[in-house]
Structures are given as structure tokens and as C-alpha cells.
Amino acid sequence: MAKRLLPTLNRVLIEKIVPPSKTSAGILLPEKSNKLNSGKVIAVGPGARDSQGKMIPVAFKEGDTVLLPEYGGTEIKLDEKEFHLYRDEDILGTLHD
């Protein structure tokens, strides 16, 4: 990525994971079969401040695979790649193998 976007406050930059449209044997999969809305964390902001001024760090780190809400986030295009910017509290959780 030629440009590096560093999110501000408690925002998280995510690249959505696109599920495969066919199997290794060449069988086409219907769109509804893999409707898990997930993404990979590319960059995170430093965090937000609470009412006393203490820094609340972002709960995610670069490289995490996260579960995203169906709607929301801000779509951003950098070098012809599509990314999404979410607030920390909008992300539903992390996914582990």
C-alpha cells in the first residue's frame, strides 16, 4: 500500500475478507452459503479518552480477524483497494481458528 492511513481516536481500519466463490474442485458456491461478515485489521488508532481524561486503548491489534456488523463503517479506497473504517465499539468480536 503506497499510502498508509493511520486511524484517529478509537477507529480501526479493516480489509474485508471475501469468501471464495467456488471450491477447489470447481463447484460454484451460492452467495448465501458463506455470509460471514469478517475482516482483517490493517491499522488501529491510539484510543479514546474517558470523562476523566484517561486513555482507553483499542481492543484490537493489527492482524486480528474480526466479526463485523452487517451495516456501518465508512468505505475508503486506497490504491484501488477497498477498506472500511469502524469505531472500536462497533466491531462485534474477534474470530479464532
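Remember, it's a predicted structure, so these values are computed and weren't measured experimentally.
Of the residues listed (Val58, Leu85, Asp88, Val12), the one engaging Pro7 in a side-chain contact (heavy atoms from CB on, under 4.5 Å) is Leu85, and it is the only one.
Taking 4.5 Å as the limit, some side-chain heavy atom of Leu68 sits within range of a side-chain heavy atom of Lys16. With contacts defined as side-chain heavy-atom distances shorter than 4.5 Å, the pair Leu5/Ile76 qualifies. Taking the side chain as every heavy atom from C-beta outward, Val41 and Val66 approach each other to under 4.5 Å.
To the nearest 0.5 Å, the span separating CG on Asn10 from CD1 on Ile91 amounts to 9.5 Å. A distance of 7.5 Å separates CG of Leu9 from CZ of Arg87, quoted to the nearest 0.5 Å. Separating the OH atom in Tyr86 from the CG atom in Leu13 is a distance of 11.0 Å, to the nearest 0.5 Å. The CD atom of Glu70 lies 7.0 Å from the CG atom of Asn37; values are rounded to the nearest 0.5 Å. Atom CE in Met55 sits 4.0 Å away from atom CZ in Arg49 (nearest 0.5 Å). Within the model, atoms OG1 of Thr65 and CZ of Phe60 stand 11.5 Å from one another, a figure rounded to the nearest 0.5 Å.
For the pair Lys61 and Asp64, the salt-bridge criterion is met [side-chain N within less than 4.0 Å of a carboxylate O]. Ion pairing of Arg4 with Glu62 is present here, as a side-chain N (NZ or NE/NH1/NH2) and a carboxylate O approach within less than 4.0 Å. Here Lys81 pairs with Glu15 in a salt bridge; the nearest charged N to carboxylate O distance falls below 4.0 Å.
Residues Leu67 and Ile14 are members of separate hydrophobic clusters, defined by side-chain heavy-atom contacts under 4.5 angstrom among Ile, Leu, Val, Met, Phe, Trp and Tyr.
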